[in-house]
2 protein chains.
Amino acid sequence: MRDRKAEILDAAARLIARQGYKQTSIDDVIKASGLCGKSHFYHHFKSKEELGKEVLNRSFERFGERGLAILREPLIDPIERLNLFIDSIVVAQAERGCVASSPFCGVAAEMADAGEGFRTRIDAVFDRWCDQIRSLLEQSDGRLRDGVDAARIARFIIATLEGAVLMTRVTREIKVMQGIAEDLKRFIAMQLRDDAFSGPRSPSTGGGQQERGSGALAGSSAT
Amino acid sequence: MRDRKAEILDAAARLIARQGYKQTSIDDVIKASGLCGKSHFYHHFKSKEELGKEVLNRSFERFGERGLAILREPLIDPIERLNLFIDSIVVAQAERGCVASSPFCGVAAEMADAGEGFRTRIDAVFDRWCDQIRSLLEQSDGRLRDGVDAARIARFIIATLEGAVLMTRVTREIKVMQGIAEDLKRFIAMQLRDDAFSGPRSPSTGGGQQERGSGALAGSSAT
DNA sequence: TGCGACTTAGACTGGTCGGTCCTATATTGC
DNA sequence: GCAATATAGGACCGACCAGTCTAAGTCGCA
C-alpha cells in the first residue's frame, strides 16, 4: 500500500507550483493524484487550507533539504557554497521551464495573501534561509568588508533570487535569471575585503555569458 | 458627468493591486466603483480580460510616468537619479502598507500567468524600464567599470526591487525593503570605477520639476 | 421631435468550487 | 470474526462568477 496521502501532497504541490494555490481546485488535486472521490480526499485532509499548509511545509522542507545541504557542505569554501546555492536555484528554475516557482516567488506572494497562517509560515521559512546564509557569510569572518551587515546581505540575496524567479516568469527566458545570478555572485564577492583570497574576479573579460556550475573556484582567480 | 469608465478603471486597479486579478470579480469592481448593474460595466468593457488589459496599461503608465520622470530628470547626476528612483519604489511600497504591489511583483507574476496577452504586455513594460535604466547607466559612461554590462545591471536592479517588494508582502515590514534598497544602491556604486566618485549615501533632496526633455543631457559625468 | 449614447436595475444561464453526506468494498490488526 | 481504517464513487448544497439579456430612464444634439 503506497502512501496515498503523500501522493496527494505531491500532486497538489506540483499543481500549486504551476498554477497557484487559489487556482488549484480540490477536484484538480483529486484527478491528478488518481483518487476517486472527494470523500477520500477529505478523509486525509480536513480542508483545502490544511492541504495548503502541508504542501507548504513539505515543499519548503524539501527545498530546504537540497538548498541547505549545499550551504552546509563543510568541505567547500563558504562563499563558493553560496555560489553553488545560487546556481542550484537557477537550475531548478530552468528545469521548471521558467513557469512554476515553488516555493519561490509567485507562490510565496500569493499564499502569503491567502491567509495569515500561510503568511507567517512563509515568513518563518524565509527567516530560516536568511539565517543559514547569514551564518555562512559569518563563517567567512575576517573576509567581509568592515561595516557589511551579513544578515542584511542574506536578505538581499534571497530577495534578488526571488525577483529573478519572477522575471523569468514574465520573460520566460532563463538567461535573464542567469545574468542576474552572475551579478549577484559578483555582488557577494564585492562584500569581501580586497585582501581576501578567493572570489570571482571583478568583471574582467567581456560582460557576456559564462557557463554555469560554478562562478570561480576558490583557488583559481585572484584579482 | 464624471468619466465613469475612468472611475471603473481606478477602482479595478485598486482592487487588483490589493487582491490580484483573478481574485477580483466583476461584481467587486461594480460595487467599488458605485455602478448599479453588470450591463453598465459591460457597456464599457467587452470582458474582464479587456478590463485587465486596460488596468495594466494604465497602472504601468502611471507608474512609468512617476518613475521615469525621476530617471529622466536632467539636472541630477545619473547615478543619483537611480538612487532616487529606488527610493521612490520603497516609499510607494511603504505607502501601500507593504500589502498591495501594483504594478510590481505579485500582480505582474499573477497576470503573466493569466494569459499570454498579459504576459507579453508586462514583459514589454519591464523591457522599457530596463532600457531606461540602462541608458541612464550608459550616460555615466567612463564611470562604469570595464566589462560591466549596463543592460544586465538594469535587469538586476529591477529584479532586486521586485524581490524586495515580494519580501515586504511576506514580512509586512518595510524596513526589510529599506535594507535591500540600501544594499542595491551600494551595489550600483560598486559598478563605478574607483576613480569616479562613489558613495552609497542616501539621497536627501527630493526632485523638483519633471521636465520631459528625455535624452540630450550628455555632459553627465559631473562630480 | 426623435435619435443615439449613456445610465440604472436586476433576472438569468451555465459553470466552478469548497465542502457535506451517503453508500459500498478492501485491508489490516486484534 | 470484528472493528477500525482506507479506498472507491458520486449526489448534492450553497456560494460565487463571467457573461447575457431585457427594460426603462436621462441627456445632448440635430
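Chain letters run A, B, ... following the sequence lines, proteins first and then strands; every chain starts at 1.
- The listed nucleotides are C/dT8, D/dG9, C/dG19; the one nearest the side chain of B/R4 is C/dT8.
- Here C/dG19 is the nucleotide among D/dA6, C/dG19, D/dC17 with the atom lying nearest to any side-chain atom of A/Y42.
- Side-chain N/O atoms of B/H44 include none lying less than 4.0 angstrom from OP1 or OP2 on C/dC6.
- The aromatic rings of B/F187 and A/F187 lie perpendicular to each other, with more than 60° between the two planes, well past the 30° mark.
- Per the geometry, CG belonging to A/L15 stands 12 Å off P belonging to C/dG18, to the nearest Å.
- Whole-Å rounding puts the A/K31 NZ to D/dA8 P distance at 17 Å.
- A straight line from CG of B/L35 to P of D/dG19 spans 16 Å, rounded to a whole angstrom.
- Nucleotide C/dG18 holds its P atom 9 Å from the CD1 atom of A/I30, rounded to whole Å.
- Side-chain to base pairing of A/S39 with D/dG9: one donor and one acceptor N or O lie within less than 3.5 Å of each other.
- Judged by distance alone, with hydrogens and angles left aside, B/K48 brings no side-chain donor or acceptor close enough to the base of D/dG19 to form a pair under 3.5 Å.
- Remark: B/S25 is in phosphate contact with D/dC17, judged by side-chain N or O atoms under 4.0 Å from OP1 or OP2.
- A tilted orientation is assigned to the rings of B/F156 and A/F156, their planes being inclined by 30° to 60°.
- Following rounding to the nearest Å, B/K46 (NZ) and D/dG19 (P) show an atom-to-atom distance of 9 Å.
- Separation of atoms NE2 (A/H43) and NZ (A/K5) is listed at 9.5 Å; rounding is to 0.5 Å.
- The distance from atom CD of B/E7 to atom P of C/dT8 is 9 Å, rounded to the nearest whole Å.
- The nearest whole Å value for the distance from the CG atom in A/D27 to the C1' atom in C/dT16 is 9 Å.
- Following rounding to the nearest Å, B/Q19 (CD) and D/dC17 (P) show an atom-to-atom distance of 10 Å.
- Judged by distance alone, with hydrogens and angles left aside, B/K38 brings no side-chain donor or acceptor close enough to the base of C/dA9 to form a pair under 3.5 Å.
- Considering B/K185, B/R186, B/Q178 in turn, B/K185 is the only one that fulfils the side chain to side chain donor-acceptor pair (under 3.5 Å) rule with B/E182.
- Of the candidates D/dT5, C/dG18, D/dA8, the closest approach to any side-chain atom of A/H40 belongs to D/dA8.
- Neither side chain, B/D123 nor B/T120, offers a donor N or O lying under 3.5 Å from an acceptor on the other.
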